[in-house]
Every structure is written in structure tokens, then in C-alpha cells.
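Data first, discussion second: the structure below is written as C-alpha cells.
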Protein chains: 2
Amino acid sequence: MDSYDVMPGHLVRRLQQAAVAIFQAEVARAGYDMTPVQYAALTAVRVNPGIDQATLAGLIAYDRTTITGVVDRLAQKGFLTRKPSKTDRRARILQVTESGHKALREIQPAVEQAQHIMLRGLDDAESQEFMRLLAKTVGAVNELSRAPLKAI
Amino acid sequence: MDSYDVMPGHLVRRLQQAAVAIFQAEVARAGYDMTPVQYAALTAVRVNPGIDQATLAGLIAYDRTTITGVVDRLAQKGFLTRKPSKTDRRARILQVTESGHKALREIQPAVEQAQHIMLRGLDDAESQEFMRLLAKTVGAVNELSRAPLKAI
DNA sequence: TTCTATTGCTCAGTATACTGATTATCAGTA
DNA sequence: TACTGATAATCAGTATACTGAGCAATAGAA
């Protein structure tokens, strides 16, 4: 195991870095400045309007301390609002703004293109198999990270 | 593409996070505090004694600004030395110390165990196929990240 | 109802990654 | 040799991720 090029951890790190770079480049071409992390968070809020930060973190498998900054930046860009909950004064309720909906609509093609570029080394059958194995692998280690995915 | 669980970028991010957590946990059981990034750098220096930072960065696909901090911390722990090159006064020559060699030897089993745990959701055939597809995918997007891998 | 445990959020500190800039040095050319 | 472009390393600033701690509020048990 001397050679890091055959180590899954090392390859995953490199793929993750390429994926982020590809995503940002494609989204920039659509005229937006948004990270993959911000995009996932904003999308999750759109699907679950009125969600609180902790539940959002579980939905997309983010650490709870990370989500604070992500939401901060999305709010600062005017893409979502953060208001205190009326039923639980600890919680902050999130909503996507008009501007946020517009951004999501307009970067949608860029996001799909980014996923496509990321898998450009594989043919259709390989892509499908890769995604299957990737999902299976992630599912099996979900509980081992500090921020496991928690379905609602 | 509303659902981030089918997006490769999102799954890769989650796997990367789990991989880091697994690595650190296993290495901690061996009595060491070392990140996967530091381990890869130290291993690369061991294989290529006297390498300079820029070449090291290319070998393991790290950004050149990232490598500065990584080498800093490894040097601070006493695992490697950084001396000015005699032939190129811009460059810093890296060498693994005795303590560094000892650390690499002692955490070796933990590293292998971490890779095994990371793939625990797959059987042997699937693991092999997953690694093949992962390597192929990474190879095809290598040039799209700021820090592409550059073989010596 | 009161006490305890838990939960939602935030903060301080550390470690990757990256953008973009600077400094010192080197290499190749006119 | 003087100049130009490239390179090695670093720095400032931003954005994830995480550890560990803290505060306010809630929920469940005695």
C-alpha cells in the first residue's frame, strides 16, 4: 500500500476536488458564484420549505457547525431567509427567496453539465455501475462520519 | 436532478468525509495524530527523498499553497526536515526523519484497515470494479482541477 | 412541576483547498 | 550580458469540515 494512487481515499479526495472545480466553473459560466455545498443546501431548502438548520444538516449530511456558515453566506447573497421559529425558539426557519428560486432555475443546466463532465471518463454503462457502487459504499459508511445523513 | 442523493458530486463529498473520519480514527487507535493528507505527503517524501515541495505537490495532486501548511505541520511534528536546496536557492528539499519513518511503519496497519473499512459495503469483486472505475474517472478529469497530478 | 438530559445554534480553534498576489530566483534568449 | 518569462515558496483572504465548548430552550422523567 505504498502507492497512494491505488488507495481509495486518495482517489476520492482527488475526484472531490475535481468535482468542486468543475461545478464552480460551469456555474460561473451561467453567471453565478455558488459552491456545490451552497447549491445542495439551497436545493434542500427549496424541497423542504420552512426546514430548520439542524434538520437541513441531516438531510444533506453536513456538520452542524458547517451549516451555520453556509446558511450565513446564502442569506447574505439574498438567496434564503432565516427567521426564528414560532414553535421552538431555539430553531431558525429557512425559506428560499424569489432571488434564490431564480438562481436555482438559472444554474440548473450548469449543474447537470457539471455532473456529466465529472463522469466524462466513463461510458453510460460504466457511469451507471459507478454510481451504484458509489451509493452502496457511501451507504455502508454513513454512520462513521460526524455528519451522517438523516432522512426526515 | 432535484435529488442530491443521485448526484455524483454529492456522493463523492460524503465518501470523502467518511474516508477522512475513518482514517483518523484508525490512526488514532495506533497512537498517532495524522491526517490522510499528511500521511500521503510523508509517504511521497519517503519514496522520493530530497524532493522539493513543488514536485511533491504534483506527485500527490495538492495545491502548491496547501503543501506549505502540510509540510509545516509535518516538520513541526518532527516527521520531516525542510532545507534549502544547494542547486536552486528557491527550492526546499524534504527528507523524512527517523521519527517520521517510525511513524509511517507504526501506522501502516491502521492505514490498510482504514481503506478496508471504507469499502466495507462492497464485496471483493465490487471493490475491484469500483476502484477501476474510480481511477478511470479521476484520470479523465485530472487536468480540470487546479492541482492536477504530475508524474515525475 | 422540577430536574435532567437533550437539542438548536453558535463560537473558537485547527486543517485542508482554493484565488490571486508577491518575492526571490532561475533559465533561456536577444 | 541584460532582459523576459517562468518557477519555488509564501502570504492574505475565503469556504468547507471538524473538535470541543457554551448558551438558550425544550422535552421527558421523577
Side-chain angles (χ1 to χ4, degrees), chain A residues 9-10 12-25 28 33-41 51-58 60-74 76-77 82-94 144-148 150, chain B residues 9-10 13-25 28 33-41 51-58 60-77 82-94 144-148 150:
Chain A
H10 195 256
V12 167
R13 186 187 63 80
R14 287 181 55 201
L15 184 53
Q16 216 268 324
Q17 284 171 211
V20 171
I22 292 166
F23 184 98
Q24 304 229 52
D33 170 27
M34 195 183 299
T35 67
V37 161
Q38 290 168 15
Y39 173 80
I51 199 176
D52 66 297
Q53 289 187 192
T55 310
L56 170 62
I60 51 184
Y62 285 21
D63 192 273
R64 64 185 187 286
T65 61
T66 299
I67 206 79
T68 299
V70 174
V71 166
D72 266 351
R73 288 180 281 276
L74 285 170
Q76 199 169 1
K77 290 177 184 173
R82 174 168 40 177
K83 296 174 188 166
S85 163
K86 283 161 185 162
T87 57
D88 185 341
R89 279 184 296 171
R90 292 171 304 180
R92 307 302 167 87
I93 294 307
L94 306 175
L144 300 183
S145 72
R146 165 155 149 168
K150 293 175 190 165
Chain B
H10 195 256
R13 185 187 64 80
R14 288 181 55 200
L15 184 53
Q16 215 269 325
Q17 284 171 212
V20 172
I22 292 166
F23 184 98
Q24 304 229 52
D33 171 25
M34 196 182 298
T35 67
V37 161
Q38 290 168 14
Y39 173 80
I51 198 176
D52 67 297
Q53 290 186 193
T55 310
L56 170 62
I60 51 183
Y62 286 20
D63 192 273
R64 64 186 187 287
T65 60
T66 299
I67 206 79
T68 299
V70 173
V71 167
D72 266 351
R73 287 179 281 275
L74 284 170
Q76 199 169 1
K77 289 176 184 173
R82 175 170 40 178
K83 296 175 188 165
S85 163
K86 284 162 187 162
T87 58
D88 185 342
R89 278 184 297 170
R90 294 169 303 179
R92 309 300 169 88
I93 295 306
L94 306 176
L144 299 183
S145 72
R146 164 155 151 168
K150 292 174 190 165

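Side chains are part of it too, since the values below use all heavy atoms of this structure and drop only hydrogens, waters and symmetry mates. Throughout, a chain's letter reflects where its sequence line sits, starting with A, and its residues are numbered from 1.
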Nearest-0.5 Å distance, [atom1] of residue [X] to [atom2] of residue [Y]:
X: Leu15(B); Y: Gln16(A); atom1: CG; atom2: CD; result: 10.0 Å
X: Arg90(B); Y: Asp52(B); atom1: CZ; atom2: CG; result: 9.5 Å
X: Gln38(B); Y: Lys77(B); atom1: CD; atom2: NZ; result: 3.5 Å
X: Ile93(A); Y: Thr87(A); atom1: CD1; atom2: OG1; result: 6.5 Å
X: Leu56(B); Y: Leu94(B); atom1: CG; atom2: CG; result: 6.0 Å
X: Asp72(B); Y: Ile67(B); atom1: CG; atom2: CD1; result: 10.5 Å

| query | Which heavy-atom pair separates Arg13(B) from Ile60(A) by the least distance, and what is that distance? | reply |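 Shortest heavy-atom separation between Arg13(B) and Ile60(A) comes out as NH2-O, 2.8 Å.
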| field | Smallest separation among heavy atoms of His10(B) and Tyr62(A), with atom names | value |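 That would be NE2-CE1, 4.4 Å.
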| field | Side-chain heavy-atom pair Gln17(B), Arg146(A) within 4.5 angstrom cut-off | value |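 No, too far: nothing below the 4.5 Å cut-off.
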Whole angstrom is fine here: how far is it from [atom1] in [X] over to [atom2] in [N]?
X: Arg92(A); N: dT26(D); atom1: CZ; atom2: P; result: 12 Å
X: Arg146(A); N: dG20(D); atom1: CZ; atom2: P; result: 8 Å
X: Arg90(A); N: dA25(D); atom1: CZ; atom2: P; result: 10 Å
X: Lys150(B); N: dA6(D); atom1: NZ; atom2: C1'; result: 12 Å
X: Arg89(A); N: dT26(D); atom1: CZ; atom2: P; result: 5 Å
X: Asp88(B); N: dA6(D); atom1: CG; atom2: C1'; result: 12 Å

| request: Quick one: label Gln38(B) by what it contacts on the DNA or RNA (base, sugar-phosphate, nothing), any heavy atom closer than 4.0 Å. | output: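 Contact class for Gln38(B): sugar-phosphate only.
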| said: Once you apply a heavy-atom cut-off of 4.0 Å, does Ala21(B) come out as touching a base, just sugar-phosphate, or nothing? | reply: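 Since no nucleic acid heavy atom lies under 4.0 Å of Ala21(B), the category is nothing.
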| message | Could you tell me the Watson-Crick or G-U partner of dA30(C), where both distances fall under 3.5 Å? Say none if there is no partner. | response |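 Across all strands, the one nucleotide that pairs with dA30(C) is dT1(D).
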| request: For DNA chain C, note the earliest and the latest nucleotide, 5' to 3', having some atom under 4.0 Å of a heavy atom belonging to chain A. | output: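 Range of nucleotides touched by chain A: dT7(C) to dC18(C).
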| field | 5′-ward residue of the pair Ser145(B)/Lys86(B) relative to DNA chain C | value |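 It is Ser145(B), whose closest nucleotide lies nearer the 5' terminus.
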| said: Please list, in numerical order, the residues of residues 63-73 of chain B that have a heavy atom closer than 4.0 Å to any atom of DNA chain C. | reply: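 Going residue by residue through residues 63-73 of chain B, the ones with a heavy atom under 4.0 Å of DNA chain C turn out to be Asp63(B), Arg64(B), Thr65(B), Thr66(B), Val70(B), Arg73(B).
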